[in-house]
Amino acid sequence: MMIDKISGVTPLNTIQSTRKTSSVATSKAASDTISVSEEAKAMADAYYLNEVKASTPDVREDLVEQVKAKIQDPNYLTQAVIGSTADALLASFGL
């Protein structure tokens, strides 16, 4: 017994009926873009500042020790030093 067709489909006919398409669909390569909202930028800045704050010690002990040593020296506290310190404090408050 010879089987010519399986379920009415001849494999040779399937291969012969396959055609190549002559026109290839051309698509323009689109560049990807993203858009970041102002709110997201502000949140990223806040996150960065929190990370910096977390990694920075509250008190810089080396500077505190330097200032203590200078204050204990009687020749350091002059009117010029006191005046420049007062000016720097007022400037930091915007006055």
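Keep in mind the model is a prediction, meaning the values are calculated, not measured. The first residue in the sequence is number 1, and the count goes up from there.
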Quiz item: Around Q79, counting heavy atoms of other residues, nucleotides and ligands shown, do more than 12 lie under 6.0 Å from its CD?
Solution: no
Contacts table for residues 83-95: side-chain donor-acceptor under 3.5 angstrom, sequence neighbours left out:
unit_1	atom_1	unit_2	atom_2	d
S84	OG	A80	O	3.3
S84	OG	V81	O	3.0
T85	OG1	V81	O	2.8
S92	OG	L89	O	2.6

Self-check item: Any pair counted as salt bridge (Lys or Arg N to Asp or Glu O under 4.0 Å), so long as it reaches residues 67-79, sequence neighbours left out
Solution: none
Exercise. State, with a plain yes or no, whether a side-chain heavy atom of T56 is found less than 4.5 Å away from one of V52.
Key: yes
Quiz prompt | Qualifying residues under side chain to side chain contact (heavy atoms under 4.5 Å, CB included), relative to L49, sequence neighbours excluded | solution = none
Exercise. Please list all pairs passing the salt bridge (Lys or Arg N to Asp or Glu O under 4.0 Å) test where one or both residues lie in residues 34-43, with sequence neighbours left out.
Key: E38-K41
Quiz item: Is I34 isolated, or which residues cluster with it under the ILVMFWY side-chain rule of less than 4.5 Å, directly or via members?
Solution: V36
Quiz item: Nearest 0.5 Å, what's the CD1-CD distance between I71 and Q66?
Solution: 12.0 Å
Quiz item: Does V59 have any side chain to side chain contact (heavy atoms under 4.5 Å, CB included) partners at least two apart in sequence or in another chain, and if so, which?
Solution: E61, V64
